[in-house]
Amino acid sequence: MKLIIQIPCYNEAETLEIALNALPKHIEGIDTIEYLIINDGSKDNTVEVARNWGVNYVVNFRRNKGLAMGFMAGLDACLRNGADIIVNTDADNQYNADDIEKLVRPILEGKSDIVIGERPIDQTEHFSPLKKKLQHLGSWVVRKASKSDIPDAPSGFRALSREAAMHMNVINEYTYTLETIVQAGRTKIAMDSVPIRTNEELRPSRLFSSMSSYVKKSMLTIIRAYAMYKPLMFFSVIGGIIFAVGIAIGIRYLVFFAMGAGGGHIQSLILAAILLMIGFQTFVIGLLGDVIAANRKMLEDVQYHVRRMEYDKDRDQNDNEKTND
């Protein structure tokens, strides 16, 4: 059983060694622990620090591509190098590395394929009251969208089984945390959550420039993910609301018409007709989206089997090379 711990990095030379030193060297039930960093176009000596420390693998981007693409590139590299379990953590030592054992335990016991670390948000001193409320709100929205019970959706401290990692697809370029939970929930991948501890803040978060930017990007990510996985429901609700407003305005016009005052409310008739057409067209878009979603499921199934053959081939090749050495 091999565990690979991956760390996305962008100009993390000052904090990376602290985070690496805290990582576990042995976990009961794990035969091998290896370490991987994703260098997301760092302009400092992040890679040098990682190599001097002794990380096993380095994924290099020549320019900054964002957290989501870094996360997926890390999964790809971990799978190619034979990981049975992948843990994702931060280079700023935000999460207590001793809790990695708690993350992997449900996977080792066969209870879950994805385990999310639940931070003590309300007890975290460097989180402002507004950020705490937004974290809770965002997690609630993700729970509704994913039909899961994950209490801390934005947490990047998570473990994935090899099987779950091969199913992952991240479309947005902002963050992987929310979309992967919606995807896993909608595709019925077994997920769990465990309480974890956090460390003192070493540097401010770089994921968003302001609270309004964080809320905007997070909501767009959730809406986009929900529209992708449940397009018929998503567009039917929107179309139904527009259609209902059109009917209400149409009824209002008929009332005036019956009273002999319809001539002065032609605008209402036009508006009702437009809203009815828009509502119907939105519903049709939902039907088309549902067909596209069905095709996407088949493509994801094909992609999964291709990944499985490719990654297992790479793992066998790496094992043979190590045996020959």
Side-chain angles (χ1 to χ4, degrees), residues 2-27 30 32-83 85-104 115-117 119-120 124-127 152 154-160 165 168 170 173-177 180 196-209 214:
K2 178 191 280 191
L3 164 66
I4 297 183
I5 302 172
Q6 71 170 37
I7 306 177
C9 298
Y10 179 61
N11 295 335
E12 304 287 2
E14 294 183 3
T15 61
L16 180 58
E17 189 171 1
I18 298 173
L20 289 170
N21 286 336
L23 296 178
K25 307 300 185 294
H26 173 76
I27 294 176
I30 301 291
T32 305
I33 300 178
E34 295 180 341
Y35 312 92
L36 176 147
I37 71 157
I38 304 102
N39 173 39
D40 193 11
S42 298
K43 308 227 181 317
D44 62 3
N45 61 332
T46 294
V47 174
E48 183 180 345
V49 170
R51 292 194 188 280
N52 289 339
W53 187 86
V55 299
N56 302 88
Y57 313 103
V58 175
V59 177
N60 262 312
F61 291 161
R62 294 184 178 179
R63 59 173 295 181
N64 183 261
K65 294 186 178 182
L67 189 58
M69 293 189 69
F71 174 77
M72 289 304 299
L75 291 189
D76 178 74
C78 290
L79 290 168
R80 290 184 185 280
N81 286 284
I85 301 176
I86 302 167
V87 166
N88 186 86
T89 188
D90 281 1
D92 61 358
N93 201 40
Q94 174 187 171
Y95 307 109
N96 190 314
D98 291 337
D99 290 332
I100 288 177
E101 183 170 4
K102 295 171 66 176
L103 283 180
V104 303
V115 183
I116 313 291
R119 297 167 294 177
T124 304
E125 294 181 359
H126 60 267
F127 280 8
D152 186 10
S155 171
F157 195 39
R158 53 186 62 193
L160 299 90
M168 288 295 102
V170 177
E173 297 180 359
Y174 171 55
T175 179
Y176 60 89
T177 56
T180 50
I196 53 98
R197 295 162 291 176
T198 55
N199 300 317
E200 293 183 6
E201 186 178 33
L202 296 180
R203 60 161 176 76
S205 173
R206 296 173 182 161
L207 186 57
F208 54 92
S209 56
Y214 170 74

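Position 1 is the first residue of the sequence, and the numbers go up from there. Nothing here was measured: the structure is a model prediction, and the numbers come from that model.
- Taking the side chain to side chain donor-acceptor pair (under 3.5 Å) definition, one finds that Thr46 meets it with Asp44, sequence neighbours left out.
- Taking CZ of Arg158 as the reference point, atom OG1 of Thr89 lies at 11.5 Å (rounded to 0.5 Å).
- No donor-acceptor pair closer than 3.5 Å links the side chain of Asp90 to the backbone N or O of Asp92.
- Judged purely by atom type and a 3.5 angstrom limit, Tyr95 uses its side chain to pair as donor or acceptor with the backbone of Gly156.
- Listed by chain and number, the residues in a side chain to side chain donor-acceptor pair (under 3.5 Å) with Asp98 amount to none (sequence neighbours excluded).
- Heavy-atom minimum distance, Asp40 versus Leu67: OD2-N, 4.2 Å.
- Remark: Ile85 CD1 to Cys78 SG distance equals 12.0 Å, nearest 0.5 Å.
- Residue Arg51 holds its CZ atom at 9.0 Å from CG of Asn39, rounded to the nearest 0.5 Å.
- Nearest heavy-atom pair, Ala50 versus Ile37, reported as atom, atom and distance to 0.1 Å: CB-CD1, 3.4 Å.
- A donor-acceptor pair under 3.5 Å is absent between the side-chain atoms of Ser155 and the main chain of Ile116, judged by distance alone.
- Closest heavy-atom contact between Ile100 and Pro24: CD1-CD, 3.6 Å.
- Across every non-hydrogen atom of Glu34 and Lys2, the tightest pair is OE1-NZ, 3.3 Å.
- The two residues Ala91 and Pro8 come nearest to each other via the heavy atoms CB-O, 3.8 Å.
- Residues meeting the salt bridge (charged side-chain N to carboxylate O under 4.0 Å, His left out) test with Asp76, sequence neighbours left out: Arg80.
- Side chain of Asp99 to backbone of Lys102: no donor-acceptor contact under 3.5 angstrom is found.
- The shortest non-hydrogen separation linking Asn21 to Lys25 is O-NZ, 3.8 Å.
- Qualifying side chain to side chain donor-acceptor pair (under 3.5 Å) partners for Tyr176, counting only residues two or more places apart in sequence or in other chains: Asn88.
- Note on residues 33-54: pairs passing ring-ring contact (aromatic ring centres under 6.0 Å, His included), not counting sequence neighbours, are Tyr35-Trp53.
- A distance of 11.0 Å separates NE2 in His26 from OG1 in Thr32, rounded to the nearest 0.5 Å.
- Residues satisfying the side chain to side chain donor-acceptor pair (under 3.5 Å) criterion with Asn56, sequence neighbours excluded, are absent altogether.
- In this structure, the side chains of Leu20 and Ile7 come closer than 4.5 Å at one or more pairs of heavy atoms.
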* To do: Could you give me the CA-CA distance, side-chain angles and deciding distance for Ile86 and Leu79, then say whether side-chain contact (heavy atoms from CB on, under 4.5 Å) is met?
  => CA-CA 8 Å; Ile86 302 167; Leu79 290 168; 4.2 Å; yes
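- Separation of atoms CZ (Arg119) and OG1 (Thr198) is listed at 8.0 Å; rounding is to 0.5 Å.
- The side chain to side chain contact (heavy atoms under 4.5 Å, CB included) test with Val104 singles out one residue from Leu160, Ile5, Leu3, and that residue is Leu3.
- No side-chain heavy atom of Asn96 sits under 4.5 Å from any side-chain heavy atom of Ile196.
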* Assess whether side-chain contact (heavy atoms from CB on, under 4.5 Å) is satisfied between Gln6 and Val59, documenting all intermediate values. => CA-CA 10 Å; Gln6 71 170 37; Val59 177; over 6 Å; no
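- From Ile4, atom CD1 reaches atom CD1 of Ile33 across 11.0 Å, with rounding to the nearest 0.5 Å.
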* Check the pair Ser42 / Val47 against side-chain contact (heavy atoms from CB on, under 4.5 Å), numbers first and verdict last. => CA-CA 8 Å; Ser42 298; Val47 174; 5.8 Å; no
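- For the pair Asn93/Thr15, no side-chain contact is recorded, criterion being any heavy-atom separation below 4.5 Å from C-beta on.
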